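Here the structure comes first, spelled out in structure tokens, and everything after it is commentary.
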Amino acid sequence: MSFIKKLGTMTAAVSVAALMVAGAADAKNFKIAVGDGGGGTQEALGLAFIEALEENTNGQHTASLFLNGQLGSEQDTVNDAAIGTLDFSILAINNVTPFSPTVGTLTLPYMILSLEDAEKLTQGPVGQELVENTIRDAGVRIIGWAYSGFRVLTNSKKPVTTVADMQDLVVRVPKNEIMIATYQSWGVNPTPMAWSETFAALQTKVVDGQDNPYITNYAMKFDEVQKYVTNLRYLFSIEPLIVSESVFQSLSEEEQKAVLAAGEAATAFSAQYLRDQEAEIKGVLQERGMEISDPANNEEEFITLATEAVWPQFYESVGGVEKVNAALAAIGRDPVQE
Ligand code: MLT
């Protein structure tokens, strides 16, 4: 876990730099809310952003991370940033969708099939349009993206490899209509719940399971309360760094450029972080006792049920079937018919 140690050192460096600029009249120390605990992709994106921001502003501006939902649930941080009481937040894209429905293009089940797909969609014209829509709809600007890998299903009861195995599980999902509909397509009525309440709900067995990427499960210490993992690939988790649009507009043109460039640098760092860390972290979770299964028949049953039932339900909210087809074209896949 050498890289994670390095990130710890970066945190110390950040604090020193913050002290150095404290005397400057217009020095800023932005607040960044982070939904996950330390040791995951959200923290890595945040630290990389801070390092680049300091560099781009010659140490004048810095930022501090508030991990583990200290500044509120992920969905609450979108509201807080929209009204300008919070500067930045790093959160899962599924928790932005309720405020900016077209972002749901990226949370349609089995839309994104690899990290490369995720990079193409977020960093190309599709992503740019979603950024603009999110400013318009939610009052926040996406300036960077963390890539966290596929969300795998975890539970405390039994190995799951088929849709039938899931039927008696109580599964927590984010308050996201597309994810709720996906579980319903598998015959399961999931329990929508804020991210900040999820660990306690798993620990007290109010729910049996949840899904999130390996790195997130590690950062949240879910191995302490979950035993079985199923390698679903229905959602590739993307976690944007958002800035309050009113805070962004209050910055000078130079400062805006520094913030945007820092977001780009952090995005590039995040993709490499996932490539470097995911396999190792999966191994650590196995060493800690998690049992990993692959879905039967190459996940075919899950894929067919979810794509046939869920996609058509959300064409309208994501902006029309043509938006879905633009995303599919961007990653070299065939269009769908309405
Ligand atoms: C959620 O499940 O609500 C989110 O994916 C959690 C996260 O931000 O990692």
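What you are looking at is a predicted structure, and each value in this text was computed from that prediction instead of being measured. Just follow the structure's listing: the first ligand is 1, and inside any ligand the first atom is 1. Below, all heavy atoms of this structure are taken into account, side chains as well, without hydrogens, waters or symmetry copies.
- For the ring pair (Phe, Tyr, Trp, His ring centres under 6.0 Å) condition, the pairs that include at least one residue of residues 69-121, sequence neighbours left out, are Phe30-Phe88, Phe49-Phe88.
- Defined by atom type and a distance below 3.5 Å, a donor-acceptor pair is missing between the side-chain atoms of Asn155 and Gln210.
- Glu264 is linked by a side-chain hydrogen bond (donor to acceptor under 3.5 Å, both in side chains) to nothing, counting only residues two or more places apart in sequence or in another chain.
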Please tabulate, for side-chain N and O atoms in residues 283-296, each donor-acceptor pair with protein atoms closer than 3.5 Å (sequence neighbours left out).
residue	atom	partner	partner atom	Å
Asp294	OD1	Asn231	ND2	2.9

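- Trp195 is not listed as a side-chain neighbour of Gln75, based on a closest heavy-atom distance of 4.5 Å or more.
- When atom types are taken as modelled, the side chain of Lys158 and the backbone of Asp165 share a donor-acceptor pair closer than 3.5 angstrom.
- Protein neighbours of ligand 1 below 4.0 Å, counting non-hydrogen atoms: Asp36, Gln42, Glu74, Ala92, Asn94, Asn95, Arg151, Arg172, Pro174, Trp195, Asn212, Thr216, Glu239.
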